[in-house]
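To keep things clear, I will list the structure first and then write my remarks on it.
In this text the structure is predicted, and so the values were computed from the model without any measurement. All heavy atoms count here, side chains included; hydrogens, waters and symmetry mates do not. First the proteins, then the strands, lettered A, B, ... as listed; each starts at 1.
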2 protein chains.
Amino acid sequence: MMRILVVDDEPQIRKFLRISLSANGYEVVEAENGRQGIDAAAREKPALVILDLGLPDIDGQEVISAIRKESSVPIIVLSVRAQEMDKVEALDRGADDYVPKPFGIGELMARVRAALRPLQKDTAGTILEVGDLRLDFARHVVTRAGAEVHLSKREYELLHILASKPDHVLTHTEILKTVWGPAHVEDTAYLRVYVNQLRQKLEADPVTPKLIVTEPGVGYRLRTSG
Amino acid sequence: MMRILVVDDEPQIRKFLRISLSANGYEVVEAENGRQGIDAAAREKPALVILDLGLPDIDGQEVISAIRKESSVPIIVLSVRAQEMDKVEALDRGADDYVPKPFGIGELMARVRAALRPLQKDTAGTILEVGDLRLDFARHVVTRAGAEVHLSKREYELLHILASKPDHVLTHTEILKTVWGPAHVEDTAYLRVYVNQLRQKLEADPVTPKLIVTEPGVGYRLRTSG
DNA sequence: GGCCGCCTTTACGCGGTCTTTACGCCGCTT
DNA sequence: AAGCGGCGTAAAGACCGCGTAAAGGCGGCC
């Protein structure tokens with residue numbers, strides 16, 4: 001059974017999450033402030049943490065860092081503050097995903113499954129199939145409807161890092177640091193150009209991307225499911 | 001880094017091997033008699049053992065057997081006794097190769113790389129057929145439309161490593177490390193020249209290669225299908 | 001000794017790739 | 001309604017890796 005820690009000061013949100021999550025087969029542990037949350041993360045060893053940024057005692061961003069010091073457990077952040085700065089900061093501090101309130105239960109469950117996925121199936125990773133696309137990272141080959149798609153080095157590297165965390169948001173900073181090096185974390189122009197090139201080659205309709213999705217002000221996400 | 005254990009009682013031979021091997025990018029561990037050699041083979045877990053048969057304490061043949069009891073590490077035997085009997089006995093006891101003294105450094109390095117090769121990558125069947133090409137690695141023969149194609153040593157080794165992982169991209173570094181040794185991982189000029197030579201000999205149309213495909217900025221790939 | 005094959009090294013032209021810039025669109029703010 | 005920032009898109013020049021030819025050196029073989 002997978003244990004999930006919910007950190008939120010609003011009782012009705014905790015109740016809503018508790019019911020939804022346990023209905024989907026998860027075990028739920030709760031904490032109502034940052035202090036309790038950090039302790040519970042250490043004591044209960046949850047498989048996932050769902051954390052509200054607006055806590056009464058400690059700033060949510062600090063809670064992320066505190067948990068990250070001790071563990072690499074996936075963290076999904078909730079917040080009414082839909083400011084892009086908050087998202088980027090949370091992700092860069094080590095959060096795995098960001099869900100703005102209000103959120104639908106279906107959407108949240110999808111994010112939960114995505115966050116838990118790398119833990120469950122460890123063996124994947126070498127081959128990823130999405131629709132008629134097939135990304136074979138062992139063989140360094142990408143095919144679309146059976147036909148090989150030629151990708152340049154940068155294109156391939158960009159796709160690779162996106163696919164390394166399917167359904168996860170990767171921040172501009174994260175991507176640029178990995179593909180272009182730490183010196184180019186500000187060159188978002190690279191991203192615009194290369195994301196566009198990948199879409200031209202991989203998407204059925206490049207104008208309305210279904211595979212590589214933009215998270216405005218934050219980064220990009222490679223989608224494997226609806 | 002690949003660690004090689006050298007077992008020899010003559011200091012100047014050890015020195016010669018130490019310098020030659022480390023110049024080619026290997027890490028060297030030394031032992032000056034059979035007892036030390038057996039101990040070091042167990043303790044240091046080398047990737048390869050180079051063993052002189054003429055040792056002061058234990059007969060070299062016994063050392064081979066002792067090491068073989070504990071490990072399957074490749075063993076290259078050195079000896080002034082160029083007797084056929086010694087050679088056969090050493091190989092029968094589990095040595096991988098036999099180099100009579102005196103030896104040239106070039107020859108020894110080639111043996112070293114050959115001995116390490118099956119460790120790094122060895123799977124593929126002994127015979128690979130692509131179109132009208134037939135690569136028979138057991139017999140060391142390559143034919144094209146029935147006619148034998150003469151390949152130089154380097155050409156053959158390059159083709160061999162490419163064929164060891166069909167349809168798989170091998171990086172420049174990977175190929176250079178295996179065929180030319182770890183000290184030449186930067187000499188991509190070798191690759192350009194030898195890939196070109198192989199294409200001239202193997203491809204139907206060397207200008208538009210179908211067999212040995214370039215992955216720009218990454219490496220090369222031997223294609224068996226589409 | 002001289003020939004020959006192989007390995008190594010260098011040089012150069014070409015084509016693809018990367019980088020950079022500019023512009024129009026859209027959504028959000030003021 | 002206008003301004004602004006982020007994004008998508010196209011295009012152009014700079015740059016780099018690659019293919020190719022060729023020459024020098026080394027060793028083996030006759």
Side-chain angles (χ1 to χ4, degrees), chain A residues 81-88 100 149-159 169-173 175-176 178-181 183-203 205-221, chain B residues 23-24 102-110 113 149-159 169-173 175-176 179-181 183-203 205-221:
Chain A
R81 302 182 289 180
Q83 307 294 342
E84 289 161 356
M85 247 188 55
D86 290 332
K87 295 188 199 176
V88 174
V149 179
H150 175 71
L151 298 181
S152 80
K153 194 182 158 200
R154 286 280 204 263
E155 289 166 356
Y156 182 86
E157 286 175 351
L158 174 57
L159 179 62
V169 180
L170 292 171
T171 64
H172 298 142
T173 304
I175 301 174
L176 287 165
T178 311
V179 178
W180 277 270
H184 299 90
V185 289
E186 315 241 307
D187 295 337
T188 54
Y190 289 152
L191 278 183
R192 293 207 303 277
V193 172
Y194 276 85
V195 164
N196 184 37
Q197 283 172 191
L198 277 181
R199 282 171 176 161
Q200 298 297 329
K201 294 186 176 181
L202 300 179
E203 299 269 1
D205 178 12
V207 182
T208 60
K210 298 238 162 84
L211 184 73
I212 303 175
V213 187
T214 303
E215 299 284 334
V218 181
Y220 295 90
R221 177 203 308 262
Chain B
N24 280 276
F103 50 83
I105 183 60
E107 181 189 3
L108 182 65
M109 285 306 149
R113 287 193 297 272
V149 179
H150 174 70
L151 297 180
S152 79
K153 198 172 128 218
R154 288 276 201 251
E155 289 166 357
Y156 182 85
E157 286 176 353
L158 173 57
L159 180 61
V169 176
L170 293 171
T171 65
H172 298 141
T173 304
I175 301 174
L176 288 165
V179 179
W180 278 270
H184 299 90
V185 289
E186 314 238 309
D187 294 338
T188 54
Y190 289 151
L191 279 182
R192 295 207 301 276
V193 172
Y194 275 84
V195 164
N196 187 35
Q197 284 172 190
L198 278 180
R199 282 172 176 160
Q200 298 298 330
K201 294 187 177 180
L202 300 179
E203 299 270 0
D205 178 12
V207 182
T208 59
K210 298 241 162 77
L211 184 73
I212 302 175
V213 187
T214 304
E215 298 286 332
V218 181
Y220 294 91
R221 175 159 56 111

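Mapping E215(A) and T214(B) onto DNA chain D by nearest heavy atom places E215(A) at the nucleotide closer to the 5' end.
Regarding L198(B), its CG atom lies at a distance of 12 Å from the P atom of dG19(D), rounded to whole Å. Remark: C1' of dT9(D) and NZ of K201(A) are 16 Å apart, rounded to the nearest angstrom. We find that CD of E186(A) is positioned 16 Å from C1' of dG5(D), with the value rounded to whole Å. If you measure from atom CG of L211(B) to atom P of dG19(D), you get 14 Å, rounded to the nearest angstrom. Protein atom CD1 of I212(B) is 13 Å distant from nucleotide atom C1' of dG19(D), rounded to whole Å.
Taking the side chain as every heavy atom from C-beta outward, T214(A) and V195(A) never approach each other to under 4.5 Å. Residues D187(B) and W180(B) fail the side-chain proximity criterion, which asks for heavy atoms closer than 4.5 Å. The side-chain heavy atoms of Y220(B) and V213(B), taken from C-beta on, include no pair separated by under 4.5 Å. A 4.5 Å side-chain heavy-atom check between Q197(B) and Y194(B) finds at least one atom pair inside the cut-off.
When heavy atoms are screened at a 4.0 angstrom cut-off, Y220(B) is found touching the sugar-phosphate backbone but no base atom.
Taking the salt bridge (Lys or Arg N to Asp or Glu O under 4.0 Å) definition, one finds that R199(B) meets it with nothing, sequence neighbours left out.
Here H172(B) reaches the OP1 or OP2 of dC18(D): one of its side-chain N or O atoms lies under 4.0 Å away. When the side-chain nitrogen and oxygen atoms of N196(B) are compared with OP1 and OP2 of dG19(D), none of them lie within a distance under 4.0 Å.
Looking at E215(B), its side chain never comes within 3.5 Å of a backbone N or O of R221(B) through a donor-acceptor pair. Without hydrogens or angle criteria, K201(B) side chain to H150(B) main chain gives a donor-acceptor distance under 3.5 Å. A donor-acceptor pair under 3.5 Å is formed between the side chain of E203(B) and the backbone N or O of K210(B).
Heavy-atom contacts from other residues, nucleotides or ligands closer than 6.0 Å to CD of E186(B) number 12 or fewer.
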Practice task
Indicate for each nucleotide in nucleotides 22-30 of chain C, in 5' to 3' sequence, whether protein heavy atoms under 4.0 Å reach the base (B), only the sugar-phosphate (S), or nothing (-).
Solution key: ---------
Can you pull every protein N or O that's under 3.5 Å from an N or O on nucleotides 18-20 of chain C?
from: dC18(C); atom 1: OP1; to: R154(A); atom 2: N; distance (Å): 3.0
from: dC18(C); atom 1: OP2; to: S152(A); atom 2: OG; distance (Å): 2.6
from: dC18(C); atom 1: OP2; to: Y194(A); atom 2: OH; distance (Å): 3.1
from: dC18(C); atom 1: O5'; to: Y194(A); atom 2: OH; distance (Å): 3.1
from: dT19(C); atom 1: OP1; to: R154(A); atom 2: NH2; distance (Å): 3.0
from: dT19(C); atom 1: OP2; to: R154(A); atom 2: NE; distance (Å): 3.4
from: dT19(C); atom 1: OP2; to: W180(A); atom 2: NE1; distance (Å): 2.8
from: dT20(C); atom 1: OP2; to: Y190(A); atom 2: OH; distance (Å): 2.7

